[in-house]
Amino acid sequence: QVQLAESGGGLVQTGSSLSVSCAASGRSISTYTMGWFRQAPGKEREFVGYNSKIGGITKLSDSVKGRFTISRDNAKNTVYLQMNALKPEDTAGYYCAASNIVLNAVRREDYAYWGQGTQVTVSS
């Protein structure tokens, strides 16, 4: 089984960029589709995007498409979420997760392994 640990969150201003990382241990991320979710206070955890274990195919939610990108470095066993043009509504805890599903892993229940999350706060 894989263990996941996010890092890189922080407080930034509207319009800024921020990159958060998810370092894996215990098993190679090359065997998983890696996803990112976020959860704002009082709201449900929502899908942000994933990077498939096959061909690195990436899917992003409509709310972040064109601003966020997901990439992976299998040699470093790390997944990255690059966030650009940040908005106050992007403020949330950001969680990475690992799934055995190849494509269309957009639901929380599609993911078996989760990190503890990293907080991103965007000030207006």
Side-chain angles (χ1 to χ4, degrees):
Q1 111 183 14
V2 66
Q3 292 81 45
L4 305 172
E6 302 90 340
S7 62
L11 172 63
V12 297
Q13 293 184 333
T14 296
S16 298
S17 298
L18 188 67
S19 179
V20 293
S21 303
C22 173
S25 60
R27 193 168 177 181
S28 172
I29 62 169
S30 64
T31 62
Y32 296 103
T33 287
M34 300 300 296
W36 285 95
F37 287 73
R38 65 186 182 184
Q39 187 167 18
K43 295 186 177 181
E44 293 191 355
R45 193 168 296 188
E46 66 171 355
F47 171 76
V48 173
Y50 70 70
N51 182 281
S52 173
K53 63 181 178 180
I54 301 298
I57 295 171
T58 299
K59 180 180 178 68
L60 296 164
S61 69
D62 288 343
S63 61
V64 305
K65 197 175 298 182
R67 300 187 298 121
F68 291 13
T69 58
I70 298 174
S71 60
R72 66 167 70 203
D73 186 333
N74 288 339
K76 294 183 178 180
N77 224 24
T78 301
V79 180
Y80 306 95
L81 176 65
Q82 175 67 42
M83 302 179 286
N84 299 322
L86 282 161
K87 306 174 182 179
E89 51 263 44
D90 295 318
T91 294
Y94 282 74
Y95 299 84
C96 73
S99 172
N100 291 307
I101 297 173
V102 176
L103 293 174
N104 296 319
V106 299
R107 305 174 304 166
R108 289 182 61 176
E109 53 264 42
D110 294 333
Y111 292 82
Y113 307 103
W114 292 83
Q116 293 300 306
T118 186
Q119 179 67 31
V120 173
T121 302
V122 185
S123 64
S124 57

Next item on the list: Taking atom CD of Gln13 as the centre, report whether more than 12 heavy atoms of other residues, nucleotides or ligands fall under 6.0 Å from it.
Entry: no

Check: Within the side chain of Gln116, is there an N or O that forms a donor-acceptor pair under 3.5 Å with the backbone of Glu6?
Finding: no

Item checked: Closest approach of Val102 to Ile54 (non-hydrogen atoms, all atoms of both residues) -> CG1-CG1, 3.4 Å

Note to self: Please tell me whether Tyr50 and Tyr111 form a close aromatic pair, meaning their ring centres lie under 6.0 Å apart.
What the structure shows: no

Next item on the list: If you link ILVMFWY side chains whenever their heavy atoms are less than 4.5 Å apart, which other residues fall into the same cluster as Tyr32? By chain and number, please.
Entry: Val2, Leu4, Val12, Leu18, Val20, Ile29, Met34, Trp36, Val48, Leu60, Val64, Phe68, Ile70, Val79, Leu81, Met83, Leu86, Tyr94, Tyr113, Val120, Val122

Margin query: If the condition is ring pair (Phe, Tyr, Trp, His ring centres under 6.0 Å), which residues does Tyr80 pass it with, not counting sequence neighbours?
Written below: none

Item checked: Audit row: Ser63, Arg38, side chain to side chain contact (heavy atoms under 4.5 Å, CB included) steps and yes/no -> CA-CA 12 Å; Ser63 61; Arg38 65 186 182 184; 3.5 Å; yes

Check: So, are Lys65 and Asp62 salt-bridged, with charged N and O less than 4.0 Å apart?
Finding: yes

Next item on the list: Give a yes or no answer on whether the side chain of Arg72 reaches the backbone of Asn51 with a donor-acceptor pair at less than 3.5 Å.
Entry: yes

Margin query: Donor-acceptor check, side chain of Ser99 to backbone of Asp110, threshold 3.5 angstrom: yes or no?
Written below: yes

Note to self: Within the structure provided, determine whether Glu44 and Arg108 are in side-chain contact (heavy-atom separation under 4.5 Å).
What the structure shows: no

Checklist line | Exercise: identify the closest heavy-atom pair between Phe37 and Arg45 | finding: CB-CG, 3.7 Å

Next item on the list: Spell out, as yes or no, whether a donor-acceptor pair under 3.5 Å connects the side chain of Ser52 to the backbone of Ile57.
Entry: no

Checklist line | Closest non-hydrogen atom pair, Ala85 against Ser17 | finding: N-OG, 4.3 Å

Notebook entry, point to check: Is there a donor-acceptor contact under 3.5 Å from the side chain of Asn77 to the main chain of Arg27?
Noted result: yes

Item checked: Donor-acceptor contact present, side-chain Thr33 to main-chain Asn100, <3.5 Å -> no

